[in-house]
Amino acid sequence: MTERVVVDPITRIEGHLRIEAQMNGSTIEQAYSAGTMVRGIEIILRGRDPRDAWAYAQRICGVCTLVHGMASIRSVEDALKYSIPHNAQLIRNLMIAAQYVHDHVMHFYHLHALDWVDVVSALKADPKATSELAQTVSPHWPNASTGYFADQQAKLKKFVDAGQLGIFAKAYWGHPAYKLPPEANLMAVSHYLEALQWQRDVVKLHTIFGGKNPHPNFVVGGVPCAIDLNSDSAINAKRLAQVQDIIQKMRTFVDQVYVPDTLAIAGFYKDWFKQGEGLGNFMTYGDFPEKSLYEPESCLIPRGVILNRDLSRIYPVDLNADDQIQEFVAHSWYSYSGGQTQGLHPYQGETELNYTGPQPPYTQLEVDKAYSWLKSPRWQGKAVEVGPLARMLMLYAGNYPQAKELVDSSLKTLDLPIDALYSTMGRTAARTLETKIIADKMQGWFDSLIANIKAGDTKTFNETLWEPASWPSQAQGVGFMEAPRGALAHWIVIEHGKIANYQAVVPSTWNAGPRDVNNQAGAYEASLQGHVLHDPKQPVEILRTIHSFDPCIACAVHVTDPEGEELVKVQVR
Amino acid sequence: MVVTGNLKPVLHEIRHALQTLIEQGQPTMLDLNGIPFSPSELAELETFLGQGEIALELDVLGKTRIQECSYAGVWRIQHFNEQDKRIGYFIEVDHVPEILRSQSDDMREGLKTLSGILAMETEVTDDSI
Amino acid sequence: MSELSLERGINTLKAQIDAPIASFFSSCVSCGMCASACSFYTENPEPRYTPIYKLEPMRRVWEQNFTLLGKLKVKLGIAKPVTDEMLSQWQELVYNTCSLCGRCSLICPVGNDITYMIRKLREGMVASGHVPEGLVGASTRAVKIGSPMGIKLPALQAQVKHIEKATNMQVPFDLEGAEYLLMLSSMEIMNYPEYLEAVGKILTNAGKTWTLSSECFEATNSGIQIGSSDIAKELVSRVVNAAEKLKVKTVISPECGHAYTALRWEGPNLIGRPYSFAAKHIVEVLDELREQGLLPTEGMEDAKLTFHDPCQLVRRGGVVQQPRNLLKLVASNFVEMTDHGTLNWCCGAGGGVSANEDANEVKMKAFQRKKKQLDELKVDTLVTACANCRIQLEEGLEENQMDLPVVGLTELIAEHLVERNTINEESRHD
Amino acid sequence: MTQFNMPTVGEQLRENGISRRAFLKFCGLLASSMALAPSMIPKLAEALEKATRPSVIWLSFQECTGCAESITRAHSPSLEGLIFDTISLDYQHTLQAAAGEAAEQARDEAMQANYGKYVLIVDGSIPLGNAGYSTIAGVSNLDMLKQVAKGAAAIIALGTCAAYGGLPQANPNPTGAVAVADIIKDKPIINVPGCPPIPVVITGVIAHFLAFGLPALDHLGRPKAFYGQNIHDRCYRRPFYERGLFAETFDDEGAKQGWCLYKLGCKGPITYNACATTKWNDGTSFPIESGHGCIGCSEPGFWDFGGLYNPVSLPSSLSSQHVVFATGIGVAAGVAIAALNKQAKQQAKQTREPVNVDQLNREVQL
Amino acid sequence: MSDVLFLQWVKGPLFSIAVMIFVIGVVLRLAEILSLGRAKNLAVPKGNPSLGGWREIGRRFKVDQGTFQQNKITVIAGYVFHVGLFIVMFLLAAHIALIKHSLGVSWPNLPTPVVDMAAVLSMLALVVLLIDRLSQPVKRFLSRRNDYLVWVATFLPLLTGYMTYHHLWLSPQWLLGLHILSVEALLVLFPFSKLMHTFTLFLSRWYNGASMGLRGVKS
């Protein structure tokens, strides 16, 4: 009899994810990924003002707090053929980029690092050796003295001695899979705390342009912040100086801490460059336009699909084609009126909440039936992986110079072949490398913004299509973007100034979705196959691979349909 | 130019606090972060309060700068964090700002350390004999 | 023919209610300002004398027949119906304490023409039989005898003879093609024969052809006062017929306010067609003569004198400036009352009140308002241009022991007239 | 986990080499962030000195993790300060190292060791429509909440979802989402709404709870100290509202000069929160300062306020079509009623009989 | 019911219903009135009737000295009330936004403290008018239930609006909700009460003025 290993909750992610692994001895034979929470945001969106949609959609996720708002706004703008001023485009790019840098760093240190870093082991480190290590890894980073690390260690020691480990309690400390020497652990723990401090400061870029973070504000047709260098209540010289400062801070941290740390840690876990690949199919929608989203060729990240690791061939993606992107519900708690085997394009997105799982409390899901609140999106029927790895591969395949250089030099440093990218650690490294590319790009967008303002262009909002009276009675559009976690798109149908249908297919749905009608596994499920668990009671291996995707499950689980209303009413009673 | 209209009331509050201090010996503290000001009003407030005779810098969890304003008994207390960013701004109306006084706990701690060192020195001296 | 009844009354009211009335009732905000405009209220400050309140029966008929909410109330049985008792109670309000003077209609801030409504309400009062005896008598005499005071042609002829004897002037009867047909009021014939003498003198002196009609000399119209269009129509038709028979250009309404209203404003509507002649008040005619230089006068009254504007002339007739033009010719010390012209206060006797014995007491109370105006001025002479007013003023002054002569405007002018033969004589002397 | 002889916050700080003077500074800043009057600083110091580091269990239900993200943005006291010095965060999905069974075990042990004394923080609403709508470790949110609430000294319902139902509860509430207070009736609950709440408000509330216990709450269960201020009343743009100067679009002259955003739909007038004074992310800015109206995110039901860009007072469903439609009905009904009126009047006219004096005389004699 | 649900309800369906009743009612009432017609006047006019109509619409805003002396309270308080109400209704930014939202037209607004002052004066005037109505014999005598109902219906929106602006007593949601509810009550009551004078006043003045114009009466 085979054993079932269940990890629920998967912590240090966004949302509610459950992994069930069907074991063959100590090897994972089949893995099942289940989203266990649903809110029904699309039902809620129906009938509302499309200009408001971003705020609702944004709350799909508080971690990638910006992306759904942005995708939503782009969907409305696409539907209405609503162009935005260049300044607004640049500010949006800066905000999205800031989200990348912030999100990726936080993911690495606060969500992912503890899979590789043993906090308790850090107590055994020699502060002096740690200082030496730190100075080798990041020669320019100031916090690297022996005294500094001694202080950090002392603080940690008191904390551990007091017996209240708090968030560090009950982790798999001492598990043999942890391979870092104590000094590297101490350095990483210190950077964990530094990153916490750093992210608080750099996130202010969102606050300056969007008023707050999490959940900054946007507006269809531009950005809400006006520019006036002489006003103390607009984006003025002081604000711009602050932004410049933040960009600098971001780049410094990425260059001096994040990238070196990733490579340093990766060096100790080379075996993780060999497992956790998954599908071998990758997809991007593209993002960061220089001018406008309607000129895809000006996007920093190109659009396309790579199949079976074949970097020589990029397939085009059409977001509006009925037969390209479809969602399946064969193993999801939804029902299609046309039968469970159907695949539907999001414009036709027709679904119904239909929980058929075991009544809680349960110990195991019925994986041969429906087992997740996620749907299974497919591109031309194929399961694809989205996210940093997909993007780095796309940039690499497209010969983007910086990408090529970063990937090649990193592989060289680690002495690894290109195929090492298709792995758990490869995914994590790709995330780090793209962070550097995007952080570096920020300076260019900022300079363009300054140049525009100096040239007297302070336009940030296009008011021409603001009033719903100016809209066609019927419109539909798709807002796509590259969210930190991967390709994201929202499809909107507008009728008489109101939302008639709203569908979001998000990165974690692509990655974390369950099996489809043909029993094709999703990216998570595929990536876990073949993992060997040292101790099924402490399945740190599962966490490593799953965390390498940076799951964002609240994003993935929200795809419900207006048709579900009736059913819901029955169930509310 | 944005004007919140909060400047005048705050100045009156300071005047009142000073009067209370003189008449009843009662100190007062105002948290300027709790009162919305426009940048221009804040600048106006600074100018109005002016510089007095004392300017001190404390090193506690980052810097803290204390200045007596041009009105004796009115102190401007600005707290900074380790990154030297101002994180607190108070006006204290008192003979000496509370935070300047040496605290009993710290003094006890000091006494203990001092005694310890002297005891140790005595020991060392004794040994050397 | 059926008898007068509540049903007929209500039916008549329904036929009378038109868009203006519906609008007026919809607009009333119960501000009470009409009360202060009404001398019947100000001198008898009883709330029920508030002009708009006098219309309550009509308001109910309107509400219950022509508004959704009112019809609903009727259906639900919560509407207060108009009853015979109600109408008998209201008879006092509608007839005794309203002279149709129109002052409330001028004051009302929302613009309600209360007078217009009272006039129409009286139609319903007539149809339901709730009318004062005095007015019934006057109407009967007017219809049957030809004048409300019961004066017949011989009486007029006797007066005419008197005048002809005294003045050497020919008073023509039934002169076809004359420019003016002079109409009279019984009061003038009986109480102020000097009026006819004065008009005759002036017209003759101006070289105008004029005439009286032996078929119809009475211009007052009791039908208007009692509020019956049927009766009013019959009476006005007599004037029209006489005028058309004699082919005159202009019919002169006498110094009587409501006669002017009846002839000038209601007549064409009552007979259902425009006149073939013009209808003018004597004061309008005199002022025209003045303009044409046909009214030479001499000498000035030194006495301090004021003018009482007859309501139907000013507020309901637009004749405001003409009497003043005329007074300027002959009076050096003319003063205005505080409220004059369109704002003038009623003498208290118009609109049928003088013919209504029931109103005797209340009308003398209402006169107090006029008295107050006069007391303020302390004048030597009071001039007016309405025989009805003149009688009331004289009675009122007497009752209040005020020694103040009341003079008709026309007579006053006539007194100062420079007669043509005199002019001729004088020019001959030159 | 065995019960340790827990040091007080004061002891802990001193052990970490923090002087009393530094502690006073810390308290001053804390008081400022807690919106306490400066006169309260000595009392805060005294109370905090004696407070022990409580165990905190954080449950995440129908949420977006924005609230947890928000607390990581807290500057003073910072998250690490809070975790290391003042609280023991024993269960928190987003940050905790352990996962799966181990994580659940950590929660069980913290609950047992501190039964009756731990603080429960909840973010996210709880779906009642179907137990399967949201589960953790196979346990429905409802069951887990009830189970953990039992031993809690107090509950902090963090974010508008936990406090009032929030986005999941927005019309038509597809999952039957409810707030913590809809389920738990026998424990003190502090609602800390906001989408998400302001970082320092979260830490301020926790610090207040440590030092003084339950803060004074308003009628919506929110701490008055942070939610006693109306954003509109405290807004630096308020003077423009008073003068009747409004931005009409997002980049017109008014927008640039910082005029009031009322006409662009600002919900400040009906929103109680500390944004206008505390601001966001270390006092950097707040939505209104950055040109977008307040969306009212700390108020119950704010998602159904009737449009982000409609002024608060606007009707949410009336449109000019209604007016046109009603006029149409009115005209149609008017024509009908006019016809009735005309008919009634016509009939009265036709049936009216003329009056003559004989009839009158008979009447008078009667 | 929570304050927010209440607000959503009054702001949403209830407001639409109230506005529709108002519009239907007013059109209906005007149809009721105008359908009764007006006979053509056959008398030769001495002046211009329609000119008189228009003149009287304007002229009635003015009160003659004598009438003013006798009705000081009614006139002054009446004016203060009406002008105040007009300012509050049509010159407050929030109300202009509402009008723009439902009718698509807008105009500049007044500074809010001015409007606030107008609201206070308007309410004071209403109180004075009520006291006057209760103490003055004529007014008390004329007053029907309708008059008092309309007073309450007019006063409440002002009061709740004032309270909403100043955050008195209840949460702003409750207050705004109550304010809107009170306006809805006013809207529903409007066509079926003396509030109709807002519209019919112009008709009345015109009719009366036209009659005066015909007769050549210039007041």
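The figures that follow rest on heavy atoms only: side chains count, while hydrogens, waters and symmetry mates do not. Chain letters run A, B, ... following the sequence lines, proteins first and then strands; every chain starts at 1.
- Heavy-atom proximity under 4.5 angstrom to chain D picks out E/Phe15, E/Ser16, E/Val19, E/Met20, E/Val23, E/Ile24, E/Val27, E/Leu28, E/Ala31, E/Glu32, E/Ser35, E/Leu36, E/Gly37 from residues 14-49 of chain E.
- Summarising the geometry of E/Asn109 relative to D/Phe246, their closest heavy-atom pair is ND2-CE1, 3.4 Å, with the distance given to 0.1 Å.
- Counted within 6.0 Å of CD on D/Glu248, heavy atoms from surrounding residues, nucleotides or ligands total more than 12; the atom is thus considered enclosed.
- With a 4.5 angstrom heavy-atom cutoff, D/Tyr262 touches chain E only via side-chain atoms.
- Residue E/Met117 places its CE atom among 12 or fewer non-hydrogen atoms of other residues, nucleotides or ligands, all under 6.0 Å distant.
- Closest approach of E/Lys11 to D/Phe305, counting heavy atoms only: NZ-O, 2.6 Å.
- Atom NZ of E/Lys62 has 12 or fewer neighbouring heavy atoms from other residues, nucleotides or ligands inside a 6.0 Å radius.
- Residues of residues 287-296 of chain D lying within less than 4.5 angstrom of chain E, judged on heavy atoms, are absent.
- Residue contact with chain E, scored on non-hydrogen atoms closer than 4.5 Å, is absent for D/Asn171.
- Considering CZ of D/Arg243 and CG of E/Leu110, their distance stands at 14.0 Å, rounded to 0.5 Å.
- For E/Trp151, the CH2 atom sits in a packed shell: over 12 heavy atoms of surrounding residues, nucleotides or ligands are nearer than 6.0 Å.
- Under a cut-off of 6.0 angstrom, the local environment of CZ in D/Phe325 is sparse, with at most 12 non-hydrogen atoms contributed by other residues, nucleotides or ligands.
- When heavy atoms are compared at a cutoff of 4.5 Å, D/Asp233 approaches chain E solely by way of its side chain, counted from C-beta outward.
- Each of E/Val114, E/Asp116, E/Thr112 was compared with D/Glu242 under the side-chain contact (heavy atoms from CB on, under 4.5 Å) criterion, and only E/Thr112 meets it.
- With a threshold of 4.5 angstrom between heavy atoms, D/Asp304 approaches chain E through its backbone and through its side chain.
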